[in-house]
There are 2 protein chains.
Amino acid sequence: MAEAGAPTSVKEFEERLLDVSVALPKRLKQCADYVAANTDRIAVSTVAEMAEGAGVQPSAFMRFCQIMGFSGYSEMQRLFRESYVGGWPDYATRLDHLRDMGEHSGPRLLAEFVEASRASLENLLKSVDPQALEDAVEVLASASLVHIIGLRRSFAVASYIAYALEKMRVPAMLHGAAGRLESVNAIRPGDALLAITFSPYSQETLDLVETVRAREVPVVALTDAAVNPLRKMGATILAVSEVDFGAFRSLSATLCLAIALSTAVGTRRST
Amino acid sequence: MAEAGAPTSVKEFEERLLDVSVALPKRLKQCADYVAANTDRIAVSTVAEMAEGAGVQPSAFMRFCQIMGFSGYSEMQRLFRESYVGGWPDYATRLDHLRDMGEHSGPRLLAEFVEASRASLENLLKSVDPQALEDAVEVLASASLVHIIGLRRSFAVASYIAYALEKMRVPAMLHGAAGRLESVNAIRPGDALLAITFSPYSQETLDLVETVRAREVPVVALTDAAVNPLRKMGATILAVSEVDFGAFRSLSATLCLAIALSTAVGTRRST
DNA sequence: CCGGATTTGGAATATATGTTCCATTTTGCT
DNA sequence: AGCAAAATGGAACATATATTCCAAATCCGG
């Protein structure tokens, strides 16, 4: 019957499936075959659906789950559901917890942030629309001057982009750096604006985007995936969903996108 | 409230989400934002899980589904389960896919930088000496004022740390921000300096460290692993080896360490 | 072809999950 | 400040789904 340990990864699951299915009675073999061909459906289907697909009774499918080493279908399904969301247990709350627990040692926090950053990076590939990225590169590369705005928590990103563009000889101007100086009038037709803002969105940034849009200047926005005002303003949206808690945001994914964008603009321009 | 037709595709769903979420009360807005950032989870999560993720009650999330035009969560979930097709490609496949795009396209570069960042993060835990990190936290937390210096490519990191410390009410001062203004005299006994610099090290930063060390002010340095002048100056070294890609350094690992450090200092101080 | 062991189908049951309702709180208005 | 309308939380309820159980069917070695 079912051996001790249940598979803990999709890979293990598939190995076990092979092992097990050499000597299986008719109905259970049907289950094994159907599962092998439709592994991914497990995450979103009910036992009844899987059973029907395999052409067996739910109870037969149930037995199949147990032979695979799980206690039942639910446990088996959990494996696939978790692997689907790329497993990012809620880091925000986990970090909050850490704070409450008095577990403040530097190394411990570092480990948590590394994990959170890794998750954010994986997520980055999902949340950024490749087409939007191409568009953004096109818009920025063909601008005669790139204006960059990012305040508060986003200032770090803005300033890094400004640095990178400068290094690549792309004409760029960082706004909001010098003592809250407004430089709206420096933005002229033929230019483009790169706005960086995350919830809670700073009003100054939103205002600038609006003003600039009214003048038909194209806007690229580096922002979060949440429904935010920028979406309504006709900007090219590059969405990053980053783990953040309280005042903090592990900017790793954002920075990564920022550099990719800058580099792409730089190379596009010089060719 | 809910208008007639429910969305029949993910695209329609997203449009509706935007329409709807302009005027939404607090809790429902939370739902909308969480859903926008985690659309793919709907297929494999229960209302309870979604509600928890959004930080609301299940009943609130239920209302959200109805506002979106569905009869309830089950109906909304069906939409995503059906469009789940063969499951989204996992991280590795996604990366490969992006890589296959044109040589210098934005998505291609993004894939490369994500890979570089991921590698850097993995190194980070190895390259940072836990003891040094603890020491650094101690030094910064017990300083009456934390001075931060980081120029050129390191300025982004410096400004982010300054922002984070400020948010946590740790007295901090960012040097070099306002028009190359020197503020050496602001550094007094009892303070500490946090210097951020990577090869090629900027002379101004090195000079400042030297000056300050002469006055017995402790220095924490966020720098690369290479043998560098700072090691000779009796600073507490936090080494980050960032994987370079082309001319640019993905700052992901550095930022990650920066945040962990800031958070640790902030919490240490407040206890 | 017989008898024991194995496998199967389907109904009965237990559990998890979705959904609704209403008392309480918050918001917005005059 | 006082009121009405809207929003919210949480418990009660309904439904869907997983799981178990056992009698009937099937298989297999003599």
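Lettering follows sequence order; numbering is per chain, from 1.
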ask   = Is it true that B:Phe80 and B:Phe13 have ring centroids separated by less than 6.0 Å?
value = yes

Heavy-atom donor-acceptor pair, B:Gln77 side chain to B:Ile42 backbone, under 3.5 Å:
yes

A correct 5'-to-3' footprint of nucleotides 18-30 of chain D, with B, S and - meaning base, sugar-phosphate only and no protein heavy atom under 4.0 Å, is SSB----------

Sorted by chain and residue number, the salt bridge (Lys or Arg N to Asp or Glu O under 4.0 Å) partners of B:Lys26 (sequence neighbours excluded) come out as none

For [X] and [N], what is the distance between atoms [atom1] and [atom2] respectively, to the nearest whole Å?
X	N	atom1	atom2	answer
B:Arg78	C:dG18	CZ	P	13 Å
B:Ile67	D:dT8	CD1	P	9 Å
B:Gln30	D:dG9	CD	C1'	13 Å
A:Glu52	C:dG9	CD	P	14 Å
B:Met50	C:dG18	CE	C1'	14 Å

Regarding the side chain of A:Leu28, the nearest nucleotide among C:dG10, C:dT8, D:dG9 is C:dT8

Any luck finding a side-chain donor-acceptor pair between [X] and [Y] under 3.5 Å?
X	Y	value
B:Arg27	B:Gln30	yes
A:Ser241	A:Asn123	yes
A:Ser117	A:Ser250	yes

Exercise for the section: Output yes when at least one side-chain N/O atom of A:Gln57 is less than 4.0 Å from OP1 or OP2 of C:dG10, else no. Expected result: yes

